[in-house]
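Data first, discussion second: the structure below is written as C-alpha cells.
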Protein chains: 2
Amino acid sequence: MSAALKPASEPSQAGSRRLILDHAARLFRERGYAETSMRDIAGVCGMKTASLYYHFASKEKIVTEVLNTGVATVSEEASRRVDMLGADAPAAERLHAAISAHLHALLELDNYTGANIRIFGHVSSRVRAATMDQREHYEQWWRELLADAAARGAIRPDTDLSLLRLLLLGAMNWTVEWHKPRPDNTDSVEAIARSLTTMVLRGVFDDKPTPPLRRRRTKIGKLEPWKQSPP
Amino acid sequence: MSAALKPASEPSQAGSRRLILDHAARLFRERGYAETSMRDIAGVCGMKTASLYYHFASKEKIVTEVLNTGVATVSEEASRRVDMLGADAPAAERLHAAISAHLHALLELDNYTGANIRIFGHVSSRVRAATMDQREHYEQWWRELLADAAARGAIRPDTDLSLLRLLLLGAMNWTVEWHKPRPDNTDSVEAIARSLTTMVLRGVFDDKPTPPLRRRRTKIGKLEPWKQSPP
DNA sequence: CAACCAACCTAGCGTCCGTTAGATGAGCGC
DNA sequence: GCGCTCATCTAACGGACGCTAGGTTGGTTG
C-alpha cells in the first residue's frame, strides 16, 4: 500500500470514451476547468473537437463524470483500506488507513480525485449539484469514522469532531497544491500520511523541552520529496 | 482581535481604482478568475467595461495587484500579531497568534487574501511569477517561526518542520472552501484558530480512554458556525 | 457485394471574451 | 469663454470558445 499502482498520468486502457475521460481529468487537474478547452482535450486524445461530441453531449457531461469518478475513487479506496483492518482494529490505525488512502487516491492513483478537489469550486452550480450526493456520502463516511473513534474513547472528549474533520481533510486536500511526484519511485505520499497521522493524534508540542547543555536537534529534512511552491 | 473589522464584502473608500480592486477581489474569491469577466467587474462597479482600461492596462494587471495585496495583507497581519507578543513569548502563543492572524486575514479582513488562495493556481504562469516573490517571503516567515519554536525546544525534535508547515497552512487555506461567515456577528474564526492550535500542538489522541462504566461524552457541536459543503 | 453503423472528419455557426479607438462631458486654471 | 485634463462613455474588432450539421471512412454483416 505504498507506491503508485498506475503511472497516474497516462490513459488506462481501450475505449475512446475512457481515453477522453482520462485525458480530461489530467488536464482539469493540471490547468483547471475553464483553462481546459474542448479543443485541448481533443488534441491530446489525437482527435478533432467534434469527435468528442460523439461520446459526450457537452463539456459539462465530461466534467460531471470526471468529478463523480473522483469521489468514487477516493471513497472506495478509503473504505476498502479501513475495512481491510477489521472492525476491531485500534482507532488510530483506522484513522491512519483512511488518511493514507485519501492521499493515495488524491496524489497517486489517478487524476480523477485530484481534478475533483482542484476544480469543484470552479464549475457551474448545475455540475456541482450533480456530484454533491457522492461528496456528501464520502463526507458522511468520515463523520462516522471519527465518531466511531470518539465513541471508543480514542479521541479526547473535548474535541470538536466537525472541525477536526474539516481541518484534517483540508490539510490533505491542499497537498494537491504543492505535492509533486518524485522522479524516482520513492514513496513520499505514505511518509506524508504517517506524519499527518502522528501530528493529528499526538500533536507536535514538546512538553519536556531543552535538556540542559546538549540541546536536542530538530530533524532536518534532507532533500524534501515534496516541492513546495505556494504558502 | 476577533470579529471582522471591515464588512469584508463591500468596497472600502473613495477612488475608482480602489473600488475596482475591491470588487474584483470579491468576485475572484466568490467565482474564480476565468469565471469573472471584465464585464462582470465593470457591472458591479457601476461603469462600462472600457472604463476599467483607464485605470488598468489589462485584466492581468488587476489580478496581479489583487494577488499581491492578498499576500501583503496576511503577511502584515501575521507578523504584526506575532511581534505584538514580544520576542520572548512562549512558542505556543506565538504559533497561535500566527494561526489566528492567517485565518483572520483569509476569512474576515477583506477579500484579497481569500482571492489569492482560491485563484492562484488558475492564473497564467506570468501572473503567478509576478506574485511569487511575495508568497515566498511569507512562506519564509512561517519557516522561521517554526524553526524558532523548534530551536526553543517547543516542538518535538522528530518533527519534519517543512511538512508541518505545509500541512498546517493547508488546513488553514482550505477553510476558504467551507467557511461561511455567520449571519450574526459571533466570532467563529477565532474558535477555529484555537481548535487548530490545540490540535496541532497537543493532538487529539486520548491516552487514557474510556474509564469503566460511566463513559465520557464527546462534545457535541451545537449549530456549527461553519457550514460545510465539500469533503 | 451491398447495406449498415460506429467512429471519426470538415466546416462553420453564434456567442462571449479581452481589448481598443475615439467621442463626450464635467471641472478648472487662465 | 478657451483650452486642457480626467474620467467615463459608445461602438466595435478579432479571436477563442462550446457546439452542430452533415459528410467520409473502414469494418461487420446479411
Side-chain angles (χ1 to χ4, degrees), chain A residues 11-67 115 119-120 122-131, chain B residues 11-67 115 119-120 122-131:
Chain A
S12 353
Q13 64 189 58
S16 296
R17 194 188 154 84
R18 177 64 183 269
L19 184 84
I20 293 168
L21 288 171
D22 281 357
H23 278 303
R26 201 195 70 219
L27 292 177
F28 287 156
R29 183 183 65 80
E30 287 172 359
R31 309 182 190 173
Y33 178 63
E35 295 78 14
T36 300
S37 68
M38 293 296 272
R39 287 164 175 83
D40 291 334
I41 299 172
V44 298
C45 289
M47 33 172 93
K48 303 295 171 155
T49 313
S51 308
L52 299 177
Y53 289 87
Y54 176 79
H55 301 278
F56 296 93
S58 67
K59 191 186 180 185
E60 290 207 341
K61 293 285 186 189
I62 296 181
V63 74
T64 300
E65 191 155 337
V66 166
L67 292 180
I119 71 178
F120 181 81
H122 297 263
V123 297
S124 78
S125 52
R126 225 166 319 118
V127 174
R128 233 176 299 134
T131 181
Chain B
S12 352
Q13 65 188 61
S16 296
R17 193 187 155 84
R18 178 64 182 269
L19 185 83
I20 293 167
L21 288 172
D22 282 357
H23 278 302
R26 200 193 77 236
L27 293 176
F28 288 156
R29 183 183 66 80
E30 288 172 0
R31 308 182 191 174
Y33 178 63
E35 295 77 16
T36 301
S37 69
M38 294 295 271
R39 285 165 176 84
D40 291 334
I41 299 172
V44 297
C45 288
M47 30 172 99
K48 302 295 174 166
T49 313
S51 308
L52 299 175
Y53 289 86
Y54 177 79
H55 302 278
F56 296 93
S58 66
K59 190 185 181 186
E60 291 206 341
K61 294 286 187 189
I62 296 181
V63 74
T64 300
E65 192 155 335
V66 166
L67 293 180
I119 72 179
F120 182 82
H122 297 264
V123 297
S124 77
S125 52
R126 227 167 316 118
V127 174
R128 235 177 296 134
T131 182

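Fair warning: this is a prediction, and the values are worked out from it, not measured in the lab. Quick note on labels: first sequence line is chain A, next is B, and so on, each numbered from 1.
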Which heavy atom in A115(A) sits nearest to a heavy atom in F28(A), and how many Å separate them?
CB-CB, 4.2 Å

How long is the line joining [atom1] of [X] and [atom2] of [N], in whole Å?
X      : N       : atom1 : atom2 : result
E35(A) : dG18(D) : CD    : C1'   : 16 Å
M47(B) : dC6(D)  : CE    : P     : 16 Å
K48(A) : dT24(D) : NZ    : P     : 17 Å
M38(B) : dA12(D) : CE    : P     : 21 Å

Which ones in residues 51-59 of chain A lie close to DNA chain C, meaning a heavy atom under 4.0 Å from one of its atoms?
S51(A), Y54(A), H55(A)

Test item: [X] and [Y] side chains (from C-beta on) under 4.5 Å apart, heavy atoms:
X       : Y       : value
L67(A)  : I119(A) : yes
V44(A)  : R26(A)  : yes
S124(B) : E35(A)  : no
V127(B) : F120(B) : no

Please report the interatomic distance CG(L21(B)) to SG(C45(B)), rounded to the nearest 0.5 Å.
9.0 Å

Distance col, row R18(A):CZ vs H23(A):NE2, nearest 0.5 angstrom, shows 11.5 Å

The side chain to side chain donor-acceptor pair (under 3.5 Å) partners of R39(A) (sequence neighbours excluded) come to none

Quick one: which residue pairs count as a side-chain hydrogen bond (donor to acceptor under 3.5 Å, both in side chains) with a foot in residues 40-52 of chain B, not counting sequence neighbours?
R31(B)-D40(B), S37(B)-D40(B)

Give every residue pair that meets the salt bridge (Lys or Arg N to Asp or Glu O under 4.0 Å) criterion with at least one member in residues 54-67 of chain B, sequence neighbours excluded.
R17(B)-E65(B), E60(B)-R126(B)

Through what angle, rounded to 10 degrees, does the axis of the helix from dC1(C)-dG30(D) to dC30(C)-dG1(D) turn between its ends, using five pairs per end?
10°

Going 5' to 3' on DNA chain C, which nucleotide is the first and which the last to come under 4.0 Å of a heavy atom in chain B?
dC17(C) to dA21(C)

